[in-house]
Amino acid sequence: MEPAKIQDIEIGLFLEALFQRHGYDFRNYAKASLKRRILAMTAAARCRNVAELIPRLLHDEDYLAEVLAQLSVPVTEMFRDPPVFKSLRETVLPRLATYPRFNIWQAGCATGEEVYSLAIMLEEEGLLDKAQIYATDINDNALQRAEDGIFPVRCLEEYQRNYKAAGGKTDLADYYVANAGFFRIHERLRKKIVFAHHNLVSDGVFCEVQLILCRNVLIYFDNTLQRRVLKLFHDSLVRSGFLCLGTRESLRSVETEQLFAPVNREAMIFHKNGENS
Amino acid sequence: MYQFLVNNLKISSRLFVGFGIVLLLVGILGGIALQHVLALSSLMNRIADHPLRVIDETQQAVINIVTIQRDIRDLIRGDRLINTEEVSRNIAQMDQELEGHLQVIRSQYLGPSEDVAEAMRALENWRKIRDQTLALYAEGKLEAIDKILPERRRYATETQNQFQDILDFARGKAKSLREAADTEKDKAIVRLASIMAGLIILGVLIAWLITRSIRAPLETLRLRMVALAAGDLSVEIPYREGSSELTAMAQAVQVFKEASTKLENQRWVKSTLSRISTTLQSATTLLDFAQQAIGSLVPELGGGAGVFYCWNDASQSLDLLGSYGLKKRRHLQTRFKPGEGLVGQAALERSTIILTEVPDDYARIVSGIGEAPPRTVLVAPVLSKGKVLAVIEIGSFLPFSDEQQTLIDEVLPILALNLEIMERNNRTLVLLDQTQQQTEELRASEEELRAQSDQLQTANEELRLKSDALQQQAEELRASEEELRAQREELQAANEELEEKGQGLEEQARLLEEARSDAEKRALERDTASRYKSEFLANMSHELRTPLNSLLILARSLRDNEEGNLSADQVESAGIIHESGASLLRLINDILDLSKVEAGKMEIAASDIQLDNFGTSLLQRFRLLAESKGLKLTVTTDADLPKMLRSDAGKLEQIVNNLLGNAIKFTEQGGVAVHIKRPGETAILAGTGLAPENAIEIEITDTGIGIPTNKIDSIFQAFEQVDGSASRRYGGTGLGLTISRRLAQFLGGDIGVTSIAGKGSTFSLVLPQTLNSAARQPLPTVPATFPAAETPLAAFAAPTASIAPSRLADEQRVADDRGHISPKDETILVIEDDENFAKIVRDLSRKRGFKCLVAEDGVIGLELAKRYRPTGIVLDIGLPRMDGWTVMEKLKQQPETRHIPVHFMSATDSGQRGLEMGAVGYFTKPVSKEQIESAFERIRHFSNSSNRRILLVDDDPGTRKAVNTLLANQDVEIVEENNGEGALSRLQSGEQFDCMILDLTLPGISGVNLLEECTRKQLVLPPVIVYSGRDLSEEDTLALREYTDSIVIKGARSPERLLDEVTLFLHSVQASLPAPQQQLLRKPQQKEEGISGRNVLIVDDDMRNTFALSKVLRGKGLNVLMAQDGLKALSQLEEKPVDLVLMDIMMPGMDGYTAIRKIREQARFQSLPIIALTAKAMVGDREKCLEAGANDYLSKPIDIDDLMAMMHRCLFS
């Protein structure tokens, strides 16, 4: 048997072990990128085969966090894709303003930069008090860092630019406190966000939300999982609620296209379609 | 000599000589002849010259003289006219001629010359005279002329005579000459003849000789040449020596012969080569080739033996490959390296080696007859481009001829070429072989791959199919898994219980078991009987009510006599019919109530009842009745009672009415006293298990006929009256007390009685103050109330089927208007299986201007709805083939029928459900005419899509104007109110609206209050959109959520949203909920025995979920409190008593785990049942919940049955 085939078997076993032992189901993630990351993990652990990770996964309690950290890809920045944030600010936020109170859910928030960007925008539009933001991810490490709200200063310049490009009215500096090479988002913003562990693969609707942001998470899922997640989003949204996906994503299948109607195709903002069956 | 001559003399010379001799001879002859001829000729000439000429001349002279004479004479005479000049001229001329003649004569005269001289003298003389004459004539002296004439004549004649003499002499000479000539001639002839003969002979001889010398060799040569030309190249060519032409010819022929021979040799070489080539080409292998080569070469070369050595690259040597005529010898070398032996040497030098004079002991050429060594050995290398490919060696007895050598030289390159070609071919063949093999292999593997690919494809297909199937199965499995899990949990719990109890109680268990099994059997029987009974009753109710319905309405209409065409008697009869029907109805209702109570199907609607009000109204109601009988009626309420009693007002009223009614009925004189107080320590109270401070007693004392002691128990039995005849006297069905008691028990209390016959009775109704403790099971009644109790099963088997026989679908028994409906008609579709009722509704609808369609079962009804799109539908529930609920569901599912307003009219009492399904109204049969007509109104209102009505309640004119503008295109009628009271009154008056836009801040009652009032008054609210100018707090939002989930805050984008929401509400009678919530509502709400009345705290920030869940739980009789996060939950727990907590995990502020932990920290909440509800479904989440302190855990979306089971378990374990 060729080594490539054996490797696929190993990866399958690894994912199976991960699921059965810890309940995290990565089996429906997109194969190619998952394989890449697993191989990277194998290399980082100085193992020759993927199969050598499995005993560790099964018996070492602490290894899970590391695995999750490696398998989930926390690439994010503040006001990522500024045109999208701008579009949110101009199209979606005014609509949210018509609700007495509204909930926003960022699924896959990683280290929280985007969620804080959202909070900043809400405050600038005067909507922060009416809002309740939920930020979820499966990576506890990332969640912890997000909750802390501390980021390195070297990214500030770019963030500042993004902020302006997204229609920022004042200055990014109004929203953080800097110290010793890091900056921390203000308490008033942080307390509006609930960071929680939520696994899109297995968990269900936990709240009724007016806006869901799920950016560059779906691309890591295969079709089955995507359908499930989009259905979950559909169920979680209120009537005419909004869904914002990553700019490089798309609603792949016909059923999912029936669930959402586009509001702004470039920014990948949709709103919930009609009623379900 | 001759030969020499022949050979060396050229033919031309010979001919020359020959002809020369002949010519010479001829010349000789000719010479001789000539000589004679000359002689003759000279004679002749002589003749001619001399005599003849002389004659001639003489004659001429004479003529001339004569002429002259004549002329003179003429002249003298003058005959002719001639002048003197002319005559002179003539004479002169004649003279000259004469002279000439004389000259000639002189020269030629052979005679004596004196003759001539004399002639001349004579002539002279004459001339003189003549001249004289002439002169004389000229002078004219004719006489002189005459004188001289004779002289002249004489002289003329003398001359003539002289001339004549000459002449004769000449003639004579001529004759003699002639004779000489003849002699000469004879002589010549003889001589010539003889010479000629001799010469002829000589000539012939010479000719013959010469001819022969030419002809013979030529002939020989000719023959040889012919032979040569014929192909015989071996002929010898003679005469090649010498210098004659023949020699030259012979030499030339020789040259040609040699050339021809050479050509022939070349041809031979070439043809041999081509032959050899052809032979070689047929060779396929190297061995074959070598063999063929040597085999064909050697005979061609005339050799006796030959060998072919081929260069072997691998071993770098020349290997013996072919041989001819070789006898195997021990020493025969089969391999030579370059340089070894002659063979190797030839290879090395790359040139042919020819050995001649081969010694005797060389290898021998062997044949069958003998052997001998070859004379010549040839070793020739076969080269190609300087490389030695092979070496051939040929031995021969004879030396090799030139042509053979040529052949060898020519053949070697051909061999080389062929060898090369062969080698190349071989290589090609090898390669071809390889390629073919590879192709084969490729094809094989291609086949394999294709087969594999096919397999894979097939497998893929299969997998896909399987995967689809599996997915489906997985879905189903998951569902059943959940069920099984729940069941398993239950079983587990139950198991554990049993186990614990089983220890040490086995004996008792066994007895109990026996007793229990007995009891169970009986209970089962009872339950079955009861179940069948209630089913039967339910159907009976329908069956009974249905005709009764028709009966009542028709009787009523007859009694009303609208058309005024009935007599008074008939009207009275109709009245009686109506009365009877009404009584029957009352009886049936009682029976049904009773059965409902027994079956536990009563719904309890708890509300707060003000006790003093209650007492007062009671008095009001019965005072007249009492007074009419002359009785005294008092109602007293104790002061120490709380203000409110929380219970089911309706039922309480029913009970008290019944008791009070009975009291009055059975009392002839005296009075009835009603006393509302705290109960004393009585048996009744004990029976209810209530504490006195938690109970209320209503005591009704009368001074009536009383009840004998032995009958006390039986009065509560159904149908029993103290005296069977009492019914006739006092009226009533005899069911009242039974029902009342059941009701009381249902409400958590009981009825007791004490009585003394003849003195009076006291009925006591004890109820719990707050309807929240577990309602007691009604005491089992003996099922002796119904006949044929022993066989309950048989009688009630499959009641539905026996009662509602299927009818033929195409046999429409109620005529309707389906044949003549035009598009602009308003139509009512009546889906009703009761013929009579259907007819009634049909007639009423027609009276109201509708066309009517009638369907007798659900399927037909659905079909007609789809086809005719009626204005409205009147729908029964109990229908054959498809019941009313299903019909409703389907109507709402299909886009074509979704908007058609549906009004339920059914015997079953499920108004709430009907409205929730989206009906515009629900009436329970029997229905009155007014009710039917109001249903039509309602239908009319709701169907008029071009006439939607929106109630806009806002005190700000600006907003009202803006909303009007916004909705201007929507084809709606906007009814405006600027305060809450106005809106309320409109709603109360029954005005229909499709939607209400409500501001919260209103001058009078607030928007929230308005909503609360409407709910309290049980008014049907249209869908409400709260349109508020101010921001709302969380509590406000929560409160409003009770009534609507559509709240729009006025702002920049609010008009859009408002429009969206309005549009949505206008096009659906009920705003739809997402599936999980719908599911919650769909299950028929059944009062849960055992847990109703308990307090449940739902802690969840998901409003939708919370409200849906709370609705369901309330429907089951629970009191529901809500909190949106952990902190609020804790504070709620502080304030109110809670029996069970449903805790969501994911919440802001304080999450579920923390909240649970905090709750458990307090001692008094240690055992508070907490069920965690969470969206998280991962392994480990359950454990986390339990670790935090929850009793159990359910994952969202919540299954209501699971939840109820779990709640049961938590509350009762």
Side-chain angles (χ1 to χ4, degrees), chain A residues 19-25 64 90-103 105 125-127 129-134 136 138 191-210 224 231-232 234-240 271-272 274-277, chain B residues 467 471 893 1000 1026-1028 1030-1034 1036-1038 1040 1045-1058 1060-1061 1064 1068 1071-1076 1078 1100-1106 1124-1125 1144-1149 1151 1173-1181 1195-1198:
Chain A
F19 174 62
Q20 291 199 17
R21 173 71 181 85
H22 297 288
Y24 284 88
D25 186 357
L64 174 65
E90 288 166 4
T91 334
V92 176
L93 258 46
R95 191 65 182 233
L96 294 180
T98 66
Y99 290 87
R101 317 207 81 75
F102 57 88
N103 297 326
W105 176 22
E125 300 297 316
L127 296 172
D129 292 327
K130 294 212 254 186
Q132 174 61 52
I133 307 177
Y134 297 91
T136 66
I138 51 165
K191 72 170 188 231
K192 273 306 207 166
I193 306 175
V194 174
F195 290 95
H197 183 111
H198 182 278
N199 190 341
L200 288 172
V201 176
S202 57
D203 298 338
V205 176
F206 65 90
C207 192
E208 181 189 50
V209 287
Q210 272 75 5
T224 327
K231 184 108 198 334
L232 174 65
H234 186 93
D235 288 340
S236 305
L237 283 172
V238 297
R239 237 182 355 261
S240 299
H271 73 83
K272 178 165 158 170
E275 267 328 310
N276 35 20
S277 51
Chain B
S467 140
Q471 243 176 341
Q893 272 173 9
L1000 292 178
V1026 172
Y1027 194 44
S1028 171
R1030 63 172 171 89
D1031 282 331
L1032 298 174
S1033 69
E1034 265 193 62
D1036 289 343
T1037 318
L1038 191 60
L1040 280 173
D1045 67 347
S1046 176
I1047 305 172
V1048 180
I1049 306 293
K1050 290 179 190 167
R1053 301 291 275 273
S1054 53
E1056 269 173 45
R1057 180 136 174 264
L1058 182 62
D1060 278 351
E1061 302 276 312
L1064 202 76
S1068 71
S1072 45
L1073 299 164
Q1078 268 181 353
D1100 195 339
D1101 61 329
D1102 183 347
M1103 287 294 98
R1104 216 171 26 181
N1105 207 30
T1106 312
Q1124 280 182 295
D1125 62 46
D1144 180 36
I1145 297 296
M1146 210 141 102
M1147 291 183 295
D1151 71 48
L1173 304 176
T1174 176
K1176 298 195 63 52
M1178 280 176 54
V1179 166
D1181 287 320
S1195 54
K1196 292 184 184 177
I1198 312 262

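FYI, side chains are in, hydrogens and waters are out, and symmetry mates aren't considered; it's all heavy atoms of this structure. A, B, ... follow the sequence lines: proteins, then strands. Residue 1 opens every chain.
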Between A:Tyr24 and chain B, which part of the residue has a heavy atom less than 4.5 Å away: side chain, backbone, both or neither?
both
Pairwise distance CG(B:Asp1101) to CZ(A:Phe206) - rounded to 0.5 angstrom:
8.0 Å
As an exercise, state the distance from CG of A:Leu127 to CD1 of B:Ile1049, rounded to the nearest 0.5 Å.
11.0 Å
Does any heavy atom of chain B fall under 4.5 Å from the side chain of A:Lys130, the backbone, both, or neither of them?
side chain
Return the minimal non-hydrogen interatomic distance between A:Pro100 and B:Thr1037, and the atom names on each side.
CG-CG2, 4.1 Å
Inter-residue atom distance A:Cys207.SG - B:Asp1100.CG, 0.5 Å rounding
7.5 Å
What I want to find out is whether A:Arg239 reaches B:Asp1045 closely enough, with some N-O distance under 4.0 Å, to be called a salt bridge.
yes
Check whether B:Arg1104 reaches the backbone of A:Glu208 with its side chain - one donor and one acceptor, N or O, closer than 3.5 Å.
no
Between chain B and each of A:Thr136, A:Val194, A:Ile193, count heavy-atom pairs under 4.5 Å; write down the option with the most.
A:Val194
Sort A:Leu200 into side chain, backbone, both or neither according to what part of it lies under 4.5 angstrom from a heavy atom of chain B.
neither
I need the B:Asp1151 CG to A:His197 NE2 distance, nearest 0.5 Å.
13.0 Å
With a 4.5 angstrom heavy-atom cut-off, could you sort out which part of B:Ser1054 is near chain A: side chain, backbone, both or neither?
both
Which value, rounded to the nearest 0.5 Å, describes the distance between B:Lys1196 atom NZ and A:Asp235 atom CG?
12.5 Å
Has the side chain of B:Arg1057 got a donor or acceptor atom that lies under 3.5 Å from a matching backbone atom of A:Arg95?
no
Who among A:Val238, A:Val201, A:Thr91, A:Leu96 has the most heavy-atom pairs with chain B under 4.5 Å?
A:Thr91
Given a strict heavy-atom distance threshold of 4.5 Å, which part of B:Ser1046 is in contact with chain A: side chain, backbone, both, or neither?
both
Heavy-atom pairs under 4.5 Å with chain A are the metric here; pick the option from B:Met1103, B:Glu1056, B:Gln471 that has the most.
B:Glu1056
Do B:Met1146 and A:Asp203 come close enough that some side-chain heavy atom pair is under 4.5 Å?
no
